[in-house]
Amino acid sequence: MASANFPTLPLPSNPPGDGRRARSRTSRDKIVAAVLHLIEGGDLSPSAARVAEVAGVGLRSVFRHFDDMDSLYQEVSERVSAQVMPLLREAVIGATWKERLVRIVERRTSIFERIHPFRLSASFKRFRSAFLTEEYRRTLDLEAATVEALLPPHILADQVSTRSIKVILSFQNWHALRFEQDLSIEEAREVVSRLLGDTISKLAD
């Protein structure tokens, strides 16, 4: 599995307030960084005890900084989102809607590579977490909206074509190609590009 390469959380060089507040901020950052490290390493549902061990803090410290695991996952989710949202929202250049759609393949699949372990982790735990369930729905809606924004009205009116394009460009499709069919990034991108090209070539400009 490709590494998401999320950088270590920066610690403030001149923390505001007294030493106790600085140590609290440091411990909190270590806990979040530990969850990111564990999930990226393949532990999709790390226990609080394991998080504490990797963070180098006591178990009680985890729940002193976070009310529960749900609130911890919320901060982790915010950290991951901060890394990928600028890429997801970056303007797509192209003379036609078909060109713009084709050009998002590499960008979108690069994002999927970076977030893959975190996306699987959230999906695995969302049935036990109200926050992650809502976050999962928001993520699906955002991914759908970024595709819809590139489609002209006559394609949006064609629900079958619109849904087909969304499926081709979905995380679920990428996961199936990369981790169920065991394709390389290049091979999987070639399949996505071929599927997308074949689909949109049959549609009116």
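Predicted model, so just to flag it, every value in this text is computed and none were measured.
Phe179 and Val167 fall into different hydrophobic clusters, defined by Ile, Leu, Val, Met, Phe, Trp and Tyr side-chain heavy atoms under 4.5 Å apart, directly or through other members. Using a 4.5 Å cut-off between side-chain heavy atoms of Ile, Leu, Val, Met, Phe, Trp and Tyr, with links allowed through other members, Val35 and Tyr136 fall into different hydrophobic clusters. Val80 and Leu87 fall within a single hydrophobic cluster, where Ile, Leu, Val, Met, Phe, Trp and Tyr side chains are chained together by heavy-atom contacts under 4.5 Å.
The closest side-chain heavy-atom distance from Ser71 to Asp68 is below 4.5 Å. Side-chain contact check for Phe66 versus Gln74: every heavy-atom pair is 4.5 Å or farther apart. Annotation: side chain of Glu99 is not in contact with side chain of Val102 (no heavy-atom distance under 4.5 Å). Counting only heavy atoms from C-beta outward, the side chains of Lys202 and Ser161 never approach each other to under 4.5 Å. Under the 4.5 Å side-chain criterion, counting only non-hydrogen atoms from C-beta, Gln172 is in contact with Leu140.
A distance of 6.0 Å or more separates the ring centres of Phe112 and His175.
By the neighbour-count criterion of 12 heavy atoms within 6.0 Å, atom CZ of Arg138 is densely surrounded, having more than that number from other residues, nucleotides or ligands. Within 6.0 Å of CD in Glu190 there are 12 or fewer heavy atoms belonging to other residues, nucleotides or ligands. Crowding of Glu106 atom CD: a count of heavy atoms from other residues, nucleotides or ligands under 6.0 Å not exceeding 12.
Within the model, atoms OG of Ser110 and CD1 of Ile115 stand 11.5 Å from one another, a figure rounded to the nearest 0.5 Å. Rounded to the nearest 0.5 Å, atoms CG (Asp198) and OG (Ser193) are 10.5 Å apart. Within the model, atoms CD of Glu90 and CD1 of Ile104 stand 12.0 Å from one another, a figure rounded to the nearest 0.5 Å.
The backbone N or O of Pro117 lies less than 3.5 Å from no partner atom in the side chain of Ser121, so there is not a single donor-acceptor pair. One N or O on the side chain of Thr162 and one on the backbone of Ile155 form a donor-acceptor pair closer than 3.5 Å. With hydrogens and angles disregarded, a donor-acceptor distance shorter than 3.5 Å links the side chain of Asn173 to the backbone of Ile168. Looking at Ser61, its side chain never comes within 3.5 Å of a backbone N or O of Val57 through a donor-acceptor pair. No donor-acceptor distance shorter than 3.5 angstrom exists from the side chain of Arg100 to the backbone of Ile93, with no hydrogens or angles considered. For the pair His65 (side chain) and Ile31 (backbone), a donor-acceptor distance under 3.5 Å is absent. Counting only distance, with no hydrogens or angles, the side chain of Lys98 and the backbone of Leu203 share a donor-acceptor pair below 3.5 Å.
For the pair Leu38 and Pro46, the tightest heavy-atom approach, listed with the atom from each and the gap, is CD1-CB, 3.7 Å. Scanning both residues, Val105 and Thr109, for their nearest heavy atoms gives O-OG1, 2.8 Å. Nearest heavy atoms, Ser164 versus Thr199: CB-CG2, 4.5 Å. Closest of all the heavy-atom pairs between Val62 and Ala52 is CG2-CB, 3.8 Å. In this structure, Pro86 and Ala82 approach most closely via the heavy-atom pair CD-O, 3.5 Å. Here the closest heavy-atom approach between residue Ala130 and residue Asp70 is recorded as N-OD2, 4.1 Å.
When each of Arg178, Arg107, Arg119 is checked for a salt bridge (Lys or Arg N to Asp or Glu O under 4.0 Å) with Glu113, only Arg178 meets the rule.
Between the side chains of Thr146 and Arg108, at least one donor N or O sits under 3.5 Å from an acceptor N or O.
Ion pairing between a basic and an acidic side chain is recognised when a charged N comes within 4.0 Å of a carboxylate O; Glu186 and Arg189 show no such pairing. A salt bridge does not link Arg79 with Glu75: every distance from a Lys NZ or Arg NE/NH1/NH2 to an Asp or Glu carboxylate oxygen is 4.0 Å or more. Residues Glu134 and Arg137 are not paired through a salt bridge, judged by the lack of any N-O separation under 4.0 Å between the basic side chain and the carboxylate.
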Open item on the list: Between Ile200 and Leu101, does the side-chain contact (heavy atoms from CB on, under 4.5 Å) criterion hold? Intermediate values first, please.
Closed with: CA-CA 9 Å; Ile200 65 178; Leu101 202 59; 3.8 Å; yes

- [ ] Could you walk me through whether Ile165 and Leu151 pass side-chain contact (heavy atoms from CB on, under 4.5 Å), step by step?
- [x] CA-CA 10 Å; Ile165 292 169; Leu151 301 178; 4.0 Å; yes

Task: Ser27 and Lys30: CA distance, side-chain angles, deciding distance, side-chain contact (heavy atoms from CB on, under 4.5 Å) verdict - done: CA-CA 5 Å; Ser27 295; Lys30 285 181 177 179; 5.6 Å; no

Open item on the list: Run Lys166 and Glu143 through salt bridge (charged side-chain N to carboxylate O under 4.0 Å, His left out) and show every step you take.
Closed with: CA-CA 8 Å; Lys166 288 179 182 177; Glu143 289 174 358; over 6 Å; no

Task: side-chain contact (heavy atoms from CB on, under 4.5 Å) between Leu36 and Phe118, intermediate numbers included - done: CA-CA 8 Å; Leu36 289 166; Phe118 306 100; 3.6 Å; yes

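Residue pairs satisfying the ring pair (Phe, Tyr, Trp, His ring centres under 6.0 Å) criterion with at least one member in residues 69-97, sequence neighbours excluded, are absent.
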